[in-house]
Amino acid sequence: MREASLRRALVSAIIAAVVGVVALALGAFIAPIPIKTSATQVVTALFVRSILAILALGLSLYLAYRTGGHIDSDAPNEPSTPQADPSASSAILSLVTTPGSRRDALFAGGIITGAYWIMTTLYIIALGKIVGNVGVGAGDIGSYLGSHVWWGLALVVVGMGFGALGARAAYARRVTSKSLSIPAIPPAPLSQYPTTPVDPPAPQE
């Protein structure tokens, strides 16, 4: 990735990670689960926390989309269809191996959602039991990570897709604006107009 693209991706990744952790911590304080509680309170608390987590995840995907669009807009002089890697056996593999803004946007989306997954997972492991009474015990960390890693891989793939979609949308807007812009026609110089006086018609008798 280019330095500018990587910088954009890292800034958005930090924002996504912070938002994810804040959403989990905020849910723990808004909807706590005491030790002695009823099933209704547990369901309500989990519902509130799930809503906050979904909103944070949606913001992370939006950041991946917007970052992909900004990366493509930062490189408007690149060809719309870069030279594909001849060794690639599919269009997706070609997109991953071909350098350019599209690939940078793809990787940026994966970095953003990957950072969201890593930080929220660490929060659940380290502070889930202490802050929100919903977490992982010391003996269950290995099994939790083993089952949760597939969720992280899925998030990275979805984030890469959102980043690529953002880059494609930015390119489509740029092409559309160029095709719809009508060049102004300059007025003809006065020298092109006839200057010979025209005699008025003779009066009829």
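The shown structure was predicted, so the numbers you read here are calculated from the model rather than taken from an experiment.
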Give the table of side-chain donor-acceptor pairs shorter than 3.5 Å for residues 4-17, with sequence neighbours excluded, one pair per line with atom names and distance.
| from | atom 1 | to | atom 2 | distance (Å) |
| --- | --- | --- | --- | --- |
| Ser5 | OG | Asp104 | OD2 | 3.2 |
| Arg8 | NE | Asp74 | OD2 | 2.8 |
| Ser12 | OG | Arg8 | O | 3.2 |
| Ser12 | OG | Thr67 | OG1 | 2.8 |

- Message: According to side-chain contact (heavy atoms from CB on, under 4.5 Å), who are the partners of Ile51, at least two apart in sequence or on a separate chain?
- Response: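 Only Phe47, Leu55 meet the side-chain contact (heavy atoms from CB on, under 4.5 Å) criterion with Ile51.
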In Å and rounded to the nearest 0.5 Å, what is the [atom1] to [atom2] distance from [X] to [Y]?
X      : Y      : atom1 : atom2 : value
Leu106 : Phe162 : CG    : CZ    : 13.0 Å
Ile54  : Leu59  : CD1   : CG    : 14.0 Å
Phe107 : Ile112 : CZ    : CD1   : 13.5 Å

Indicate every side-chain donor-acceptor pair of residues 154-161 with a distance under 3.5 Å to a residue at least two apart or in another chain.
none

Where [X] and [Y] come nearest, the two heavy atoms and their spacing:
X      : Y      : value
Ala167 : Arg102 : CB-CD, 4.1 Å
Ala105 : Gly68  : CB-CA, 3.6 Å
Ala25  : Tyr123 : CA-OH, 3.4 Å
Ser50  : Leu46  : OG-O, 2.7 Å
Ala169 : Tyr65  : CB-OH, 3.2 Å

- Not counting sequence neighbours, list each pair that qualifies as a side-chain hydrogen bond (donor to acceptor under 3.5 Å, both in side chains) and has a residue in residues 52-63.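 Matches after skipping sequence neighbours: none remain.
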ILVMFWY network linking [X] to [Y], side-chain heavy atoms under 4.5 angstrom:
X     : Y     : value
Leu63 : Val18 : no
Val19 : Leu26 : no
Leu52 : Leu57 : no

- Taking the hydrophobic residues Ile, Leu, Val, Met, Phe, Trp and Tyr, and joining any pair whose side-chain heavy atoms are under 4.5 Å apart, which ones share a cluster with Val43?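 None, because no other hydrophobic side chain comes under 4.5 Å of this residue.
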- Query: Angle class for the His148/Trp117 ring planes (parallel below 30°, perpendicular above 60°, tilted otherwise)?
  - Reply: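 It falls in the parallel class, under 30°.
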- Is there a side-chain contact between Arg168 and Asp72 (heavy atoms, below 4.5 Å)?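 They are not in side-chain contact.
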